[in-house]
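So that the names make sense, note that chain A is the first sequence line, chain B the second, and so on, each numbered from 1.
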There are 2 protein chains.
Amino acid sequence: MALGKDYATQECSIARALEIIGERWTLLVVRDALYGVRRYNDFLVHLGIPRAVLAARLQTLTAEGILEKRRYQQSPPRDEYVLTERGIALWPTLRALGQWGREHFTEARLRYFRHADCGTELGPYGECPACGTVVPVEDVLMVPGPGLDPDPADPVSRALLRPRRLLEPLDPEPAERIG
Amino acid sequence: MALGKDYATQECSIARALEIIGERWTLLVVRDALYGVRRYNDFLVHLGIPRAVLAARLQTLTAEGILEKRRYQQSPPRDEYVLTERGIALWPTLRALGQWGREHFTEARLRYFRHADCGTELGPYGECPACGTVVPVEDVLMVPGPGLDPDPADPVSRALLRPRRLLEPLDPEPAERIG
DNA sequence: CCTAATGGTTCGGTCACTGAACCGACGGTG
DNA sequence: CACCGTCGGTTCAGTGACCGAACCATTAGG
């Protein structure tokens, strides 16, 4: 959050949580990480976030144990940022927030979240109404809805158009497209 | 949020939601409203928020249909801010966020949320494990836990120490206390 | 008339965010 | 080898959100 990042007077776990993930862009970074984004550049083009802010957020999230910085190739040295268990645990929050936004402020349906095992759309609490179980994040299938731009400009958005499980690593093809 | 409040490039209901409730303090105002706080001054002393920011947030939340400004006495004219249905619908989000904060960053137990009808503590998704139903917000009983300061300075925090249902209007006694 | 309570508005200062430029390590090509 | 491109940053000037303190308007009560 802007300026004083903390809520010193608050004895409240909501306030503690907001001190960590309440700053601008932070939750969108976590959302993208859930969608499978892992690389600095992919976050950058997909979010349209200033580079400096992205670097700061990745560092904070790593320091707080929400992301883990991990070298995935030696030469040239390249790191990726992967959600930890603590980060994955933000899924119910993001789901609830997205649901609220959709019900109250979005007209068209942008994405569906389904139980990968049976294809049923998740219920309001992230459970599978058919199976009667809470669906673990890796078994959530994200499917684009009719409201989503079918031909977005950036390669990350394009890669996210394929139905995919949450957390499944994203690998956008290079940005070539001529017509 | 600071500066550009919007996330223009994002086709996402999470981003839409964050444009509205993602600014600093906003979610804490909504939390307090769920706890029963309704008056400007009560928000002020309980949150320790700058007056100008509080006024701005109340106005935005009212404009977005999350709070409703309502005159509760004519002379002197006094208004209170009450959650609308749209605001109450943020409860699952706040609950999930608080749960995450508690599990990952808070040591002591600050508050319990119970089903008022049977006294059972709510499960991870806001349901009552005993009754097997999702508990409506008005039937959630908030009970202070052992980690909470038993004698806080401000009268609002003191009034919130009593077990109480969510949304139940708060009426802090005037700030007298001598010992 | 004076004081207190409530619900603001105004204002100067600070600091987070923004966008653009720059940078260093490495790889590939000619 | 020179040159270019990619990736993952850092630096920096400018802007505007947030901060805290002061001020103000309305009404009531003594």
With a 4.0 Å cut-off on heavy atoms, is B:A52 in touch with a base, just the backbone sugar-phosphate, or nothing at all?
base
B:R109: what forms a salt bridge (charged side-chain N to carboxylate O under 4.0 Å, His left out) with it, not counting sequence neighbours?
B:E121
Identify, with sequence neighbours excluded, every residue that meets ring-ring contact (aromatic ring centres under 6.0 Å, His included) alongside B:F113.
B:W91
Tell me: [atom1] of [X] to [atom2] of [N], nearest whole Å?
X: A:I49; N: C:dA20; atom1: CD1; atom2: P; answer: 15 Å
X: A:L28; N: C:dC17; atom1: CG; atom2: C1'; answer: 15 Å
X: B:L58; N: C:dT9; atom1: CG; atom2: P; answer: 10 Å
X: B:Q73; N: D:dT27; atom1: CD; atom2: C1'; answer: 10 Å
X: A:R57; N: D:dG9; atom1: CZ; atom2: P; answer: 15 Å
X: B:E19; N: C:dC17; atom1: CD; atom2: P; answer: 16 Å
X: B:L44; N: D:dG20; atom1: CG; atom2: P; answer: 11 Å
X: A:D6; N: C:dC15; atom1: CG; atom2: C1'; answer: 14 Å

Closest non-hydrogen atom pair, A:L27 against B:L18:
CB-CD1, 3.9 Å
Check B:I49 against B:F43 and note the closest heavy-atom contact, atom names and distance.
CG2-O, 4.3 Å
Any heavy-atom pair between the side chains of A:L83 and A:L67 that's under 4.5 Å?
yes
Using a 4.0 Å cut-off on heavy atoms, which residues in residues 29-37 of chain A reach DNA chain C? List them by number, or say none.
none
On DNA chain C, nearest-nucleotide positions of A:Q74 versus A:V53: which is more 5'?
A:V53
Hydrophobic cluster membership, with links at side-chain heavy-atom distances under 4.5 Å among I/L/V/M/F/W/Y: are B:V82 and B:L54 in one?
no
Does A:W25 make a side-chain N or O approach to OP1 or OP2 of C:dA16 shorter than 4.0 Å?
no
Please tabulate the protein-to-nucleotide N/O contacts below 3.5 Å involving nucleotides 4-7 of chain C, giving atom names and distances.
from  : atom 1 : to    : atom 2 : distance (Å)
C:dT6 : O4'    : B:R78 : NH2    : 3.2
C:dT6 : O3'    : B:R78 : NE     : 3.2
C:dG7 : OP2    : B:N41 : N      : 3.4
C:dG7 : N7     : B:R51 : NH2    : 2.9

Distances for protein N/O vs nucleotides 27-30 of chain C N/O pairs under 3.5 angstrom?
from   : atom 1 : to    : atom 2 : distance (Å)
C:dG27 : OP1    : A:S75 : OG     : 2.1

Per side chain to side chain donor-acceptor pair (under 3.5 Å), A:D79 is matched among A:R70, A:R38, A:R71 by A:R71
Let me know which of A:H115, A:R165, A:R114 forms a side chain to side chain donor-acceptor pair (under 3.5 Å) with A:D139.
A:R165
Check side-chain contact (heavy atoms from CB on, under 4.5 Å) between B:D42 and all other residues, then give those that pass, not counting sequence neighbours.
B:V37, B:R39, B:V156, B:P172
Establish, yes or no, whether the cationic atom of B:R57 lies under 6.0 Å from the six-membered ring centre of B:Y81 and within 45° of the ring axis.
no
Looking at B:Y40, I'd like to know if the NZ or CZ of B:R51 sits under 6.0 Å from its six-membered ring centre while staying within 45 degrees of the ring's axis.
no
